[in-house]
Amino acid sequence: MDKTIRSKPLIGISSCLLGNKVRHDGGHKRDLYITNTLGAYVEWVPVCPEFEVGMGIPRETVRLVGSPANPRMIAERSGRDWTRQMQDFARMRIKRLKEMGISGYILKKNSPSCGMEGVQVYSPSGRPNRQGRGLFARSLITKLPLLPVEEEGRLVAPHLRENFMERVFAYHRWQSIVAGHKSLGRLREFHSQEKLLILAHSEAHMRRLGLIVAQGKAKPLGAVIEEYGSLYMAALAHRTTARQHTKVLEHMLGYISKALTPDERQELLGVVRDYHRGLVPLVVPLTLIRHYAGKYDAADLWGQSYLQPHLKELMLRHHV
């Protein structure tokens, strides 16, 4: 029986970013973009590891001490060691998050529990360096390696914000394949609709994924699906470039080129060149391609996730 897949992606998030007063001083770090914009199109699962592990509100601050590769979480005044309790909590909480079917996670930067990168770790002499990762964040990324994870501080950069949400919605689509009736035919259909999106990130990954599908009968179906999913999410983690997007746009032009009039073809080529030169955002050539795909009934294009990898209301491609 197929598992139920939510219509909106379910995203785990550091609770303070939603405005919940769970910080060590009883405050919050409400992020207006997260709450006012993203919040309309996703469902949140708020998590505050330090509060939920039992530290209380308000509470003594903690910091990471020792090696960045294997730090301990120590209370600053009392010296209490919270490492084991936080690790045990993370293991149980992440298991529940996986069972809930989350499609992404947004972490609080610089936090000794939730920071994804650049977290201060103090040496025995008390000297800090920024090579650490929060204990909860470390467990999350280790145990759910395919899950799109980002910090709220990095989401201010348009290309990182667009890539994160693209991966969230892509993972949400992939979860429907994993949760539903599995077959090589469904995997082929999925790859067919995703191939231009993959191409925008990595041509090498697209070829390898194509081979996995083409040679799918040679391995057990479960192994094929697992291998495809890992490589698919790895491909989307590669940062796109204007050059790669231009290559995909030109490829899409090939789908409809014969149907276009000479003037329409020149118009579209001109807009693609303008995008490549940085004169217009990606949404401009894509809008024109969608227009001509509809005008000339290019069915092969309409099924491509690349045309709308996330909700248009988010307007993420207006800024890349």
Quiz item: Does W82 have R80 sitting over its ring (NZ/CZ under 6.0 Å from centre, angle to axis within 45°)?
Solution: yes

Quiz item: Do any pairs count as a ring pair (Phe, Tyr, Trp, His ring centres under 6.0 Å) and have a residue in residues 241-282, sequence neighbours left out, and if so which ones?
Solution: H245-Y306, H251-Y255

Exercise. Can you see which heavy atom on A137 is nearest to which on L107, and at what distance?
Key: CB-CD1, 3.8 Å

Quiz prompt | Same cluster (ILVMFWY, side-chain, under 4.5 Å), L197 and M233 | solution = yes

Exercise. Please tell me if the side chains of L288 and P285 come closer than 4.5 Å, counting only heavy atoms from C-beta onward.
Key: no

Quiz item: Taking C-beta and beyond as the side chain, do L311 and F169 meet within less than 4.5 Å on heavy atoms?
Solution: yes

Exercise. Locate the shortest heavy-atom distance separating S14 from K108; write the atom from each residue and the value.
Key: OG-N, 3.0 Å

Exercise. Could you grab the distance from atom CG of L314 to atom CE of M165, nearest 0.5 Å is fine?
Key: 5.5 Å

Quiz prompt | Closest approach of H318 to P281 (non-hydrogen atoms, all atoms of both residues) | solution = O-CB, 3.4 Å

Quiz prompt | Atom pair CD/CD of E194 and Q304 - distance to nearest 0.5 Å | solution = 8.0 Å

Self-check item: Donor-acceptor contact present, side-chain K182 to main-chain V178, <3.5 Å
Solution: yes

Practice problem: Indicate, with yes or no, if L301 and Y296 share a hydrophobic cluster defined by side-chain heavy-atom contacts under 4.5 Å among Ile, Leu, Val, Met, Phe, Trp and Tyr. | Solution: yes

Quiz prompt | Any donor-acceptor N/O pair, S15 side chain to N20 backbone, under 3.5 Å | solution = no

Quiz item: Any chance the side chains of D263 and T261 put a donor and an acceptor closer than 3.5 Å?
Solution: no

Tell me which donor-acceptor pairs under 3.5 Å the side chains of residues 221-228 have, and how far apart each pair is, sequence neighbours excluded?
residue	atom	partner	partner atom	Å
E227	OE1	K219	NZ	3.1
Y228	OH	H191	ND1	2.8

Quiz item: Heavy atoms, side chains only, cut-off 4.5 Å: are E76 and T61 in contact?
Solution: yes

Self-check item: N/O donor-acceptor pair under 3.5 Å between T37 side chain and I34 backbone
Solution: no

Quiz item: Going from CD1 on I102 to CG on L10, what distance comes out if it is rounded to the nearest 0.5 angstrom?
Solution: 7.0 Å

Practice problem: To the nearest 0.5 angstrom, please state how far the CG atom of L269 sits from the CG atom of D274. | Solution: 11.0 Å

Quiz prompt | Hydrophobic cluster identity match, V280 and V248, side-chain contacts under 4.5 Å | solution = yes

Exercise. Give the C-alpha distance, both sets of side-chain angles, the deciding distance and a yes or no for side-chain contact (heavy atoms from CB on, under 4.5 Å) between E313 and Y41.
Key: CA-CA 9 Å; E313 288 83 359; Y41 307 108; 3.2 Å; yes

Practice problem: Go through the steps for E166 and R317 under the test side-chain contact (heavy atoms from CB on, under 4.5 Å), then give the verdict. | Solution: CA-CA 10 Å; E166 182 182 89; R317 285 180 162 177; 3.8 Å; yes

Quiz item: Taking atom CD1 of I13 and atom CD of E150, what is their separation to the nearest 0.5 Å?
Solution: 12.0 Å

Quiz item: Would a hydrophobic clustering, with Ile, Leu, Val, Met, Phe, Trp and Tyr connected at side-chain separations under 4.5 Å, put L17 with L97?
Solution: no

Self-check item: R186 side-chain N/O to H181 backbone N/O, donor-acceptor pair under 3.5 Å
Solution: yes

Quiz prompt | Contacts of K295 that satisfy salt bridge (charged side-chain N to carboxylate O under 4.0 Å, His left out) - sequence neighbours left out | solution = E264

Report, one line per pair, each donor and acceptor closer than 3.5 Å where one atom sits in a side chain of residues 155-163; sequence neighbours left out.
residue	atom	partner	partner atom	Å
R161	NE	Y33	OH	3.4
R161	NH1	L155	O	2.9
E162	OE2	H310	NE2	3.0
N163	OD1	R167	NE	2.9
N163	ND2	L236	O	3.0

Quiz item: So, Q175 and S103: side-chain donor and acceptor under 3.5 Å apart, yes or no?
Solution: yes

Quiz item: Got K109 and E152 here, is their nearest side-chain heavy-atom distance under 4.5 Å?
Solution: yes

Quiz item: Taking C-beta and beyond as the side chain, do Y122 and Q120 meet within less than 4.5 Å on heavy atoms?
Solution: yes

Quiz item: Can any side-chain N or O of S305 pair as donor or acceptor with the backbone N or O of P309 at less than 3.5 Å?
Solution: no

Quiz item: Hey, does I106 have a side-chain heavy atom less than 4.5 Å from the side chain of L38?
Solution: yes

Self-check item: Criterion side-chain hydrogen bond (donor to acceptor under 3.5 Å, both in side chains) on S139 and Q87, from CA distance to verdict
Solution: CA-CA 8 Å; S139 291; Q87 290 172 339; over 6 Å; no

Quiz item: Got a donor-acceptor contact below 3.5 angstrom from the R265 side chain to the S257 backbone?
Solution: yes

Quiz item: Which atom pair, heavy atoms only, marks the closest approach of C16 to H28?
Solution: O-CB, 3.8 Å

Quiz item: Going through the distances and angles, do D88 and R91 end up as a side-chain contact (heavy atoms from CB on, under 4.5 Å)?
Solution: CA-CA 5 Å; D88 289 345; R91 185 165 48 252; 2.5 Å; yes

Quiz item: How many angstroms lie between CZ in R138 and CG in L64, if you round to the nearest 0.5 Å?
Solution: 8.5 Å

Quiz item: Mind checking whether W174 and Y232 have parallel, tilted or perpendicular rings, split at 30° and 60°?
Solution: tilted

Quiz item: Got a salt bridge between E50 and R23, using NZ or NE/NH1/NH2 to carboxylate O under 4.0 Å?
Solution: no

Quiz item: Should E52 and R93 be marked as a salt bridge (Lys or Arg N to Asp or Glu O under 4.0 Å) after you check the CA-CA gap, both sets of side-chain angles, and the distance that decides it?
Solution: CA-CA 10 Å; E52 294 181 33; R93 193 69 163 97; 2.8 Å; yes

Practice problem: Can you see which heavy atom on L146 is nearest to which on S230, and at what distance? | Solution: CD2-CA, 3.5 Å

Practice problem: Any pair with a residue in residues 194-223 that passes ring pair (Phe, Tyr, Trp, His ring centres under 6.0 Å), sequence neighbours left out, goes on the list, sorted by first then second residue, please. | Solution: H205-H238

Quiz prompt | Test side-chain contact (heavy atoms from CB on, under 4.5 Å) applied to E203 and R207, step by step | solution = CA-CA 6 Å; E203 186 172 355; R207 289 175 179 156; 2.8 Å; yes

Quiz item: Any sub-3.5 Å donor-acceptor pair from T246's side-chain atoms to A242's backbone N or O?
Solution: yes

Self-check item: Exercise: identify the closest heavy-atom pair between M116 and E151
Solution: N-OE2, 2.5 Å

Quiz item: Taking R63 for the side chain and P112 for the main chain, is one N or O donor matched with an acceptor at less than 3.5 Å?
Solution: no

Practice problem: Answer yes if F136 and V53 sit in the same cluster of Ile, Leu, Val, Met, Phe, Trp and Tyr residues linked by side chain heavy atoms under 4.5 Å apart, and no otherwise. | Solution: yes

Quiz item: Under a single-linkage rule joining Ile, Leu, Val, Met, Phe, Trp and Tyr whose side-chain heavy atoms are separated by less than 4.5 Å, which residues share a cluster with F51?
Solution: V22, I57

Quiz prompt | Close side-chain approach of S113 to L135, heavy-atom, < 4.5 Å | solution = no

Self-check item: Neighbour count above 12 (heavy atom, 6.0 Å) for R130 CZ
Solution: yes

Quiz item: Is any side-chain heavy atom of Y292 less than 4.5 Å from a side-chain heavy atom of L268?
Solution: yes

